[in-house]
Asks: 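Got a structure for you, written out below as structure tokens; questions coming shortly.
Position 1 is the first residue of the sequence; numbering continues from there. Computed from heavy atoms alone, side chains included, the values below leave out hydrogens, waters and symmetry copies.
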Amino acid sequence: MDLVAGVRKEGSRGGRGDFKWSDVKDSSHRENYLGHSVMAPVGRWQQGKDLQWYARGDVDPEEAARLEREERQRVKAAEEEAMARALGLPLPSQSTANANLTPLGGEDSQEVTPAEKTTGKRFI
């Protein structure tokens, strides 16, 4: 007698194959189902509303792909720089200058500000 040779039970376990959200709409126990307000909405409040607005993106797919590609490039560049710093290697050259690293004036700056023009004094 081989118990594994044949299928002992047929159909889906627990009635999963028979489940329909339309049956939940008509059920008196619909509040007991997780997600009933979105998957089985009942009433006037849901008419003409996008109940799954939170799952939709604001950006079109091409724009989202471009933004994701740029983010990956920025992360990869930051990782390469961090790895070079950790290993003591020279930093990779950056094609765009970081605005945060440029000096904003100071003692070695030759620019004359409007305040310096009017007072004739140099502010540091």
Asks: Looking at side-chain heavy atoms only, is the closest gap between R30 and V42 below 4.5 Å?
Replies: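 Yes. Closest side-chain heavy atoms under 4.5 Å.
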
Asks: CE of M39 to NZ of K25: how many Å apart, nearest 0.5 Å?
Replies: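 These two atoms lie 10.5 Å from each other.
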
Asks: Taking E62 first and then R66, would you say they form a salt bridge - that is, a charged N and a carboxylate O separated by under 4.0 Å?
Replies: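 Answer for the salt bridge query: no.
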
Asks: Is there a continuous path of hydrophobic side-chain contacts, each under 4.5 Å between heavy atoms, that joins M83 to L89?
Replies: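 M83 and L89: one cluster.
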
Asks: Can you see which heavy atom on D18 is nearest to which on D23, and at what distance?
Replies: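 In this case the closest contact between D18 and D23 is O-OD2, 4.3 Å.
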
Asks: Do the rings of F19 and Y33 sit parallel, tilted or perpendicular, given the 30° and 60° boundaries?
Replies: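 Answer is tilted, since the angle falls between 30° and 60°.
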
Asks: Under 4.0 Å between a side-chain nitrogen and a carboxylate oxygen: does that hold for K76 and E79?
Replies: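 Between E79 and K76 there is no salt bridge, as every charged N stays at least 4.0 Å from the carboxylate O atoms.
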
Asks: With a 6.0 Å cut-off (strictly less than), is the heavy-atom count around CG of L87, excluding the residue itself, greater than 12?
Replies: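 Correct, the count exceeds 12.
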
Asks: If we only count heavy atoms from C-beta on, is the L67 to E71 side-chain gap below 4.5 Å?
Replies: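 A side-chain contact under 4.5 Å is absent here.
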
Asks: Can you name the nearest heavy-atom pair linking A84 to P90, along with the distance?
Replies: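 Here A84 and P90 meet closest at CB-O, 3.9 Å.
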
